[in-house]
Amino acid sequence: MDNAATTRVMPEEMELLEKILVEDYGNPSSLHRKGQMAERHLMDARQTVASILKTEPKRVFFTSCATESINTALRGAALKQKRFGRHILTSKGEHAAVRETLKDLENQGFKIEYLEQDASGRILESDLEEKLRDDTILVTLIHVNNETGCIQPVDTIGSLIRQKSSRALFHVDATQSFCKYPLYPDRYGIDLLSASGHKINAPKGIGLLYKGQRASIGPLLSGGGQESGFRSGTENVAFAACFAFAASTMWEERSELMERLMSLKRLAWEELKAVPDVFINGPSVDEGAAHILSIRVSGVRSEVLLHALEDDGIYVSSGSACSSNKPEEKSPTLHALGFTPAQMDETIRISFGRYSAEEDVMALSAAVKRLVPVLRRFSRK
Ligand code: PLP
């Protein structure tokens with residue numbers, strides 16, 4: 001029940017891994033046949049990912065994780081665009097990978113401004129329209145929020161940015177949405193897009209960066225000039241192939257999978273809302289992403305509930321993974337929704353994936369119903 005944190009690799013990928021790691025293990029830059037075999041796998045993987053994004057393979061770059069993609073995109077955009085201005089727009093619901101990178105850019109003299117949002121966490125497009133200025137060089141937004149499942153309408157936001165600004169590049173952190181929701185960056189006016197393999201049943205250690213025609217940014221890593229000079233370092237061919245396999249499987253099964261995940265989420269909420277003083281955070285069940293349900297169990301610290309559930313073999317995430325005492329650092333997403341630090345500490349995230357089943361939801365619900373009254377009694381003492 002913690003699939004937004006990471007997912008299990010599909011058994012079919014093990015065969016592919018073995019073939020590439022043991023047989024086709026060449027370096028894609030080598031000129032001989034062994035190298036060419038590896039290069040073929042890499043080209044196929046790039047083609048597969050490009051077709052999911054409805055773009056050209058040359059726009060797709062493999063990285064080590066979404067964090068690397070995000071760093072490359074944001075630092076690259078800031079550096080390339082700074083002759084036009086230093087103004088960057090973002091939301092209060094970004095993942096630490098974006099947040100911390102922007103903090104660093106702020107220390108380098110860039111001006112970071114936050115967009116207003118509604119009660120569910122969706123940014124207000126009217127505010128974006130107002131805040132876009134001549135010196136705005138970058139807008140970066142999370143597509144699906146990893147804590148609450150709030151979905152930003154990145155397609156309409158992309159067109160709005162294009163209409164209003166000829167300079168501002170648009171980066172989307174699609175780590176929680178890639179292959180789950182349609183993302184066609186060339187059509188949506190998205191210039192840069194980051195995603196990660198391990199959220200969609202591929203191994204940890206492979207990421208993706210889409211770089212559109214307008215985003216002529218430079219690399220973060222220099223060296224041997226792999227990935228058309230944009231990401232040096234010998235390519236992780238085996239993981240790229242697994243990523244492409246997992247992506248195409250999820251993409252093909254997307255409608256059915258997302259419907260199933262949404263029905264699991266509805267069932268989970270139907271069950272959990274029966275417990276007194278349990279609240280849903282962020283968007284309503286149907287408005288949020290199908291795989292993420294964030295709830296607040298009043299009077300029970302999430303860490304305590306998390307460990308109690310763990311004893312039943314059920315793994316969930318606490319809403320605020322960070323141990324900081326500053327509310328805005330504990331969970332900027334929940335802080336922006338108006339949560340007090342105590343309320344943040346009562347938040348748990350339940351997240352579903354390919355291998356989640358109805359009996360898992362029923363086991364979670366039974367455990368919560370059994371544990372919460374006991375934990376509340378203890379916490380009141
Ligand atoms: N962005 C979002 C929305 C995420 O959920 C995550 C991971 O949890 C990341 C970025 C970072 O991904 P990675 O672990 O691949 O660097």
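In each ligand, atom 1 is the first atom listed, and ligand 1 is the first ligand listed.
A donor-acceptor pair shorter than 3.5 Å can be found between the side chains of Ser365 and Glu271.
For Thr340 (side chain) and Gln343 (main-chain N/O), a donor-acceptor pair under 3.5 Å exists by modelled atom type.
Rounded to the nearest 0.5 Å, atoms OG1 (Thr7) and CZ (Arg354) are 9.0 Å apart.
No part of Val98 comes within 4.0 Å of ligand 1, judged by heavy-atom distances. Counting heavy atoms closer than 4.0 Å to ligand 1, residue Glu68 contributes nothing at all.
Arg86 is linked by a side-chain hydrogen bond (donor to acceptor under 3.5 Å, both in side chains) to nothing, counting only residues two or more places apart in sequence or in another chain. Residues forming a side chain to side chain contact (heavy atoms under 4.5 Å, CB included) with Ala290 (at least two apart in sequence, or on another chain): Tyr181, Met258, Leu261, Met262.
Within ligand 1, the atoms closer than 4.0 Å to a non-hydrogen atom of His198 are 13 (P), 14 (O), 15 (O), numbered from 1 in the order shown. Each of the following atoms of ligand 1 lies closer than 4.0 Å to a heavy atom of Asn146: 3 (C), 5 (O). Close contacts between ligand 1 and Ile142 involve ligand atoms 3 (C) [criterion: under 4.0 Å to a heavy atom].
Taking atom 7 (C) of ligand 1 as the reference point, the nearest protein heavy-atom neighbour is Lys199 NZ, 2.9 Å. Protein heavy atom at the shortest distance from atom 12 (O) of ligand 1 is Ala66 CB, 3.4 Å. Distance from atom 5 (O) of ligand 1 to its nearest protein heavy atom, with residue and atom name: Gln176 NE2, 2.9 Å. In this structure, the protein non-hydrogen atom closest to atom 16 (O) of ligand 1 is Thr67 OG1, 2.5 Å. For atom 1 (N) of ligand 1, the closest heavy atom belonging to the protein is Asp173 OD2, 2.7 Å. Considering only non-hydrogen protein atoms, atom 4 (C) of ligand 1 sits nearest to His95 CD2, 3.3 Å.
Every N/O-N/O distance between Cys65 and ligand 1 stays at or above 3.5 Å. Ligand 1 has an N or O atom lying under 3.5 Å from an N or O atom of Ser196, backbone or side chain.
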| query | Could you walk me through whether Leu141 and Phe170 pass the side-chain contact (heavy atoms from CB on, under 4.5 Å) check? | reply | CA-CA 8 Å; Leu141 288 175; Phe170 183 28; 4.0 Å; yes

| task | For the pair Ile88 and Glu106, evaluate side-chain contact (heavy atoms from CB on, under 4.5 Å) and give the outcome as yes or no after the intermediate values. | result | CA-CA 9 Å; Ile88 298 174; Glu106 195 165 35; over 6 Å; no

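Shown here is Glu303, whose CD atom has no more than 12 heavy atoms of other residues, nucleotides or ligands within 6.0 Å.
Of the listed residues (Arg59, Lys80, Arg214), just one forms a salt bridge (Lys or Arg N to Asp or Glu O under 4.0 Å) with Asp191, and that residue is Arg214.
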